[in-house]
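For reference, the structure discussed in these notes is given below.
For the single chain, residues carry numbers from 1 onward in sequence order. Whatever order the structure lists ligands and atoms in, that order sets their numbers, starting from 1.
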Amino acid sequence: MEKPLVVSKFGGTSMGDATAMRQSAQIAVRQKSNLVVVSATAGTTNSLIELVQLSERREVTKAEAIQDKIFSRHKKLAEELKVSQTVFGSLQLMFEEIQSLSRGIQLLRDASPRVLDTVMSLGERMSSLLFAEAWRQVLMEKSLDEVKIHWLDAREYLITDDQFGRAKPKLEVLKRRVMPIITEIHSDKAAFVTQGFIGATDEGTTTTLGRGGSDYSAALFAEALGATALEIWTDVPGIATTDPRICPGAKSISEISFTETSELATFGAKVLHPATLLPALRQDIPVFVGSTFEPDQKGTWVRHWVKDQPLIRAIATRKKQVLLTLSTPDMLQSHGFLYQIFKVFNDHKVSIDAVTTSEVSVSMTLDDSALLNKKLVHDLSQFAEVNVEDNLALVALIGNQINHTPGLAKRVFDSVDNINVRMICLGASRHNFCLLVKEEMANEIVQRLHRTFIENI
Ligand code: ASP
Ligand code: MG
């Protein structure tokens with residue numbers, strides 16, 4: 001049998017305080033993690049962003065207050081974890097780096113994405129340093145300290161392009177650079193801790209992969225190392241059939257396919273960063289999602305193939321949608337209209353979620369933030385009449401054989417009964433049936449559909 005190689009990622013709440021960090025370390029020991037990837041302590045990335053903004057505006061007192069908040073939180077963690085003098089020293093250097101960066105921003109009034117990435121990277125760098133120490137201690141307490149924990153600077157491994165704030169990783173470079181680590185892992189004498197979310201350009205300038213990007217980092221490391229499992233430890237016990245705040249009847253899913261999970265992630269289920277699944281899918285690495293705070297709960301396994309394939313596995317909502325309808329009589333009996341439309345969207349780098357067409361019009365849904373770009377509607381109105389409807393939400397039923405199941409549409413419409421459905425999308429995928437509705441009705445619809453398709457079966 002293949003030797004297990006486990007990559008575990010712990011999110012911000014799992015790094016939230018000393019108890020959570022020690023709990024995460026206990027899990028890393030129990031799971032025999034070979035590489036742990038961590039997020040910044042919960043809220044720290046936001047505080048660092050705020051620090052950058054205040055520094056740019058030269059609001060010095062407020063900037064200092066935020067800095068103090070960040071420092072005292074991490075100092076407290078270090079004290080509670082009783083870290084060594086060396087670790088304390090390294091942490092101190094990071095505090096100084098934050099101070100210098102803030103001063104630099106004040107002087108230069110430069111808060112470009114490039115500067116922001118360097119500042120944000122400190123969050124993960126501090127938490128990973130502390131976590132490494134927590135892990136060492138738990139190993140020591142269990143007399144397992146023949147395994148040495150090494151702290152890696154992700155910026156020496158995860159090399160990216162220079163799109164600051166949403167940098168694209170270079171997988172081949174990562175694969176080459178982790179080679180010596182694989183050898184050490186197989187010696188059974190070493191395990192590693194690194195930072196999620198951050199990387200660096202070829203020249204060594206710090207970059208980030210986009211908010212919530214730690215999952216993605218962990219998946220990339222898992223792929224590069226040829227991991228046998230990727231574990232995402234968070235603050236909910238797995239992926240749920242729908243948002244439990246909307247439906248108290250929501251249940252944790254024990255197994256789900258990659259395809260269904262990416263549909264869910266795209267529709268805004270916050271459990272996994274949407275890009276996380278790509279590396280796992282490429283290498284067919286099973287992904288576990290579980291709660292650090294309830295480690296004995298079953299959690300969810302995401303796999304390439306799952307035995308149980310229910311018609312409807314989960315229901316997701318994507319709020320803040322607008323429906324754009326473009327019409328022109330020119331479209332009648334002609335061609336190229338869709339091309340013209342999609343070209344405009346492509347030029348503006350706006351992605352469309354659902355589309356329906358008739359002979360003289362095309363309707364499509366977008367995130368409402370896309371309309372902040374006034375030029376988009378302007379460009380579209382050059383060749384079609386544009387009508388905008390807002391305050392909408394997409395409700396998606398996610399499952400299997402959706403477009404091959406007779407009677408499904410009837411059951412869906414029976415459940416939503418007296419609520420107006422503005423548009424439906426069915427057929428493009430076996431895994432998705434989507435309804436566009438008024439945003440204020442979305443929760444009600446989710447509750448009804450959840451009752452019909454998930455609770456009452
Ligand atoms: N710390 C980063 C963020 O808050 C990355 C992550 O947590 O995944 O966005
Ligand atoms: Mg996160």
*asked:* For ligand 1 and F197, I'd like to know whether there is a polar contact (N/O to N/O, distance under 3.5 Å).
replied: no
*Would you kindly specify which portion of M120 sits under 4.0 Å from ligand 1, judged on non-hydrogen atoms: side chain, backbone, both or neither?*
neither
_Closest non-hydrogen atom pair, N432 against A396_ = OD1-CB, 3.9 Å
*asked:* Suppose I only count heavy atoms of S39 and a 4.0 Å limit; which atoms of ligand 1 are within that range?
replied: 6 (C), 7 (O), 8 (O)
*If you count the atoms of ligand 1 from 1 in the order shown, which ones are under 4.0 Å from a heavy atom of S214?*
5 (C), 6 (C), 7 (O), 8 (O)
*Go through ligand 1 atom by atom and flag the ones less than 4.0 Å from a non-hydrogen atom of R211.*
3 (C), 4 (O), 9 (O)
*Trace of the side-chain hydrogen bond (donor to acceptor under 3.5 Å, both in side chains) decision for S369 with D367*: CA-CA 5 Å; S369 57; D367 283 337; 5.0 Å; no
*asked:* So, 4.0 Å and heavy atoms of G213: is ligand 1 close enough to count as a contact?
replied: yes
*Look only at interatomic distance and state if K9 has a nitrogen or oxygen under 3.5 Å from any nitrogen or oxygen of ligand 1.*
no
*Find the distance between CE (M15) and CG (D17) and round it off to the nearest 0.5 Å.*
10.5 Å
*Pairs flagged by side chain to side chain donor-acceptor pair (under 3.5 Å) wherever residues 170-186 is involved - sequence neighbours left out*: K170-D202
*May I ask whether G123 has any heavy atom positioned less than 4.0 angstrom from an atom of ligand 1?*
no
*Considering residues at least two apart in sequence or located in another chain, which fulfil the side-chain contact (heavy atoms from CB on, under 4.5 Å) criterion with Q67?*
L51, F71, I98, Q99, S102
*Smallest separation among heavy atoms of N34 and P4, with atom names*: OD1-O, 4.0 Å
_Those atoms of ligand 1 less than 4.0 Å from some heavy atom in E124_ = 1 (N), 2 (C), 5 (C)
*Kindly say whether the aromatic ring centers of F288 and W233 come within a distance under 6.0 Å.*
yes
